[in-house]
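Structure, as structure tokens:
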Amino acid sequence: MFRTPVRLFAAGRTDTGVHATGQVAHVDVPESALRYAYSRARRDGEPEFLALTRRLARFLPADVRALRVERAAPGFDARFSALRRHYVYRLSTARYGVMPQSARYVTAWPRPLDVEAMSEASQQLLGLNDFAAFCRHREGATTIRDLQRLDWVRDGDLVTAHVSADAFCWSMVRSLVGAVLAVGEHRRDAAWCAGLLNASRRSSDFTAAPARGLTLVGVDYPPDDQLGARTAITRELRTR
């Protein structure tokens with residue numbers, strides 16, 4: 001659309017099969033290219049960013065939509081300026097599985113789950129910890145994260161996890177869910193789940209939950225005048 005190569009930076013990556021309804025991204029556009037896009041908007045009689053949103057809808061595949069385009073504040077970085085990310089993980093314990101219209105976004109779980117036991121185990125994982133047991137190893141990368149929320153809610157056959165942290169490492173959310181599900185099935189207890197925080201490498205004692213039940217639903221950012229400070233904090237190598 002800008003007739004020049006541009007690079008898109010997203011707030012976070014998602015595994016294959018994971019969905020996002022709250023992804024945020026930024027792109028640096030040369031002023032000359034922006035003027036070209038604005039001229040098209042004026043020609044079409046539309047506000048500048050509304051025109052970009054409409055045109056993106058024509059170019060993007062059917063399973064990707066850009067909901068809004070706006071000018072970012074100076075210093076904004078979709079990834080490094082973020083305060084926290086929010087995910088939900090949805091399971092259905094119904095005997096018939098998942099209704100067809102929800103099948104892409106909900107994981108069928110045919111075994112009973114003790115949501116109270118899962119909630120107890122989840123509370124013991126909150127806070128600033130080394131989540132190496134829940135992350136795929138990446139050389140030189142820290143696995144220390146601040147897990148701020150891990151709640152479970154049951155609504156009939158639908159069981160939903162709400163997960164928030166300042167950041168997540170590779171496969172961390174699915175691994176957290178997989179470990180807690182082992183507690184929900186009474187194959188493990190809450191103390192075992194908390195003990196995983198002492199591991200220095202990814203654990204093989206549980207399986208990560210399937211990708212399809214997971215959705216990135218939101219990313220939080222600080223006020224504009226705090227963007228630079230937040231970016232500096234995020235780029236620092238965290239220690240326990």
Side-chain angles (χ1 to χ4, degrees), residues 7-27 52-70 77-94 96-111 113 115 118 122 125 131 134-136 138 145-182 184 202 206-221:
R7 185 178 178 187
L8 194 71
F9 297 86
R13 297 174 296 179
T14 55
D15 298 341
T16 300
V18 176
H19 309 284
T21 59
Q23 181 68 278
V24 179
H26 81 265
V27 60
L52 293 180
T53 306
R54 179 182 59 79
R55 294 185 66 206
L56 274 170
R58 291 165 48 198
F59 285 105
L60 290 171
D63 60 348
V64 180
R65 295 292 95 179
L67 306 185
R68 188 172 72 253
V69 179
E70 60 187 49
D77 186 291
R79 178 184 175 190
F80 291 106
S81 297
L83 289 172
R84 65 190 62 85
R85 283 89 170 161
H86 305 281
Y87 284 85
V88 297
Y89 194 96
R90 300 180 177 93
L91 305 110
S92 172
T93 58
Y96 53 78
V98 183
M99 294 295 286
Q101 61 267 37
S102 303
R104 290 186 63 191
Y105 311 103
V106 181
T107 291
W109 205 260
R111 297 176 292 280
L113 291 173
V115 174
M118 292 160 63
S122 296
L125 298 174
F131 288 93
F134 302 92
C135 300
R136 292 189 186 181
R138 191 159 61 91
R145 298 290 189 269
D146 182 14
L147 183 62
Q148 300 167 2
R149 182 183 184 188
L150 182 49
D151 298 337
W152 294 86
V153 179
R154 183 192 292 277
D155 182 9
D157 294 318
L158 182 65
V159 177
T160 304
H162 298 269
V163 192
S164 301
D166 59 344
F168 293 93
C169 48
W170 193 5
S171 291
M172 179 175 162
V173 182
R174 292 171 52 205
S175 295
L176 286 168
V177 171
V180 175
L181 285 173
R202 182 177 174 86
F206 62 90
T207 303
R212 72 171 55 186
L214 184 60
T215 303
L216 171 65
V217 296
V219 185
D220 294 342
Y221 294 93

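The figures here come from the full heavy-atom set of this structure, side chains too, leaving out hydrogens, waters and symmetry mates.
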Handout entry: Side-chain (Tyr221) to main-chain (Ala78) donor-acceptor, under 3.5 angstrom
Key = yes
Handout entry: Reference residue Arg154; test side-chain contact (heavy atoms from CB on, under 4.5 Å); the match among Leu91, Thr160, Leu113
Key = Leu113
Practice task
Using side-chain hydrogen bond (donor to acceptor under 3.5 Å, both in side chains) as the criterion, list what pairs up with Arg85, not counting sequence neighbours.
Solution key: none
Exercise for the section: For Asp146 and Asp166, indicate whether the former's side chain and the latter's backbone hold a donor-acceptor pair under 3.5 Å. Expected result: no
Handout entry: Which atom of Leu52 lies closest to which atom of Val69, heavy atoms considered
Key = CD1-CG1, 4.1 Å
Handout entry: Audit row: Phe206, Leu181, side-chain contact (heavy atoms from CB on, under 4.5 Å) steps and yes/no
Key = CA-CA 9 Å; Phe206 62 90; Leu181 285 173; over 6 Å; no
Exercise for the section: Indicate the ring-plane relationship of His26 and Phe9, choosing parallel, tilted or perpendicular according to the 30° and 60° boundaries. Expected result: parallel
Exercise for the section: Identify the two heavy atoms, one from Ser164 and one from His86, that lie closest to each other, and give their separation to 0.1 Å. Expected result: OG-ND1, 2.6 Å
Fill in the blank from the handout: In short, Gly97 meets Ala108 closest at the heavy-atom pair CA-CB, 4.2 Å
Problem - Donor-acceptor under 3.5 Å (Arg104 side chain, Pro100 main chain) - result: no
Problem - Non-hydrogen atoms of Leu147 and Ala165 that approach each other most closely - result: CA-CB, 4.0 Å
Exercise for the section: Go through the steps for Val106 and Leu158 under the test side-chain contact (heavy atoms from CB on, under 4.5 Å), then give the verdict. Expected result: CA-CA 9 Å; Val106 181; Leu158 182 65; 4.3 Å; yes
Handout entry: Pair Arg90-Ser102, side-chain donor/acceptor within less than 3.5 Å
Key = no
Practice task
Considering non-hydrogen atoms only, spot the tightest contact between Tyr87 and Arg13 and give its length.
Solution key: OH-O, 4.1 Å
Problem - Atom CZ of Arg79: over 12 foreign heavy atoms under 6.0 Å - result: no
Practice task
Determine yes or no for a side-chain-to-main-chain donor-acceptor pair under 3.5 angstrom, with Arg174 supplying the side chain and Ala209 the backbone.
Solution key: yes
Problem - Heavy-atom pair of closest approach, residues Ser171 and Arg136 - result: OG-NE, 3.3 Å
Practice task
To the nearest 0.5 Å, tell me how far Leu150 CG sits from His162 NE2.
Solution key: 10.5 Å
Handout entry: Heavy-atom neighbours of Arg149 CZ exceed 12 at 6.0 Å
Key = yes
Problem - Those residues that, when tested against Arg7, pass salt bridge (Lys or Arg N to Asp or Glu O under 4.0 Å) (two or more places apart) - result: none
Practice task
Measure the OG-CZ distance between Ser175 and Arg202 for me, rounded to the nearest 0.5 Å.
Solution key: 3.5 Å
Fill in the blank from the handout: One should read off an interatomic distance between Tyr89 OH and Arg212 CZ, to the nearest 0.5 angstrom, of 9.0 Å
Problem - Results of salt bridge (Lys or Arg N to Asp or Glu O under 4.0 Å) for Arg84 - residues two or more places apart only - result: Asp220
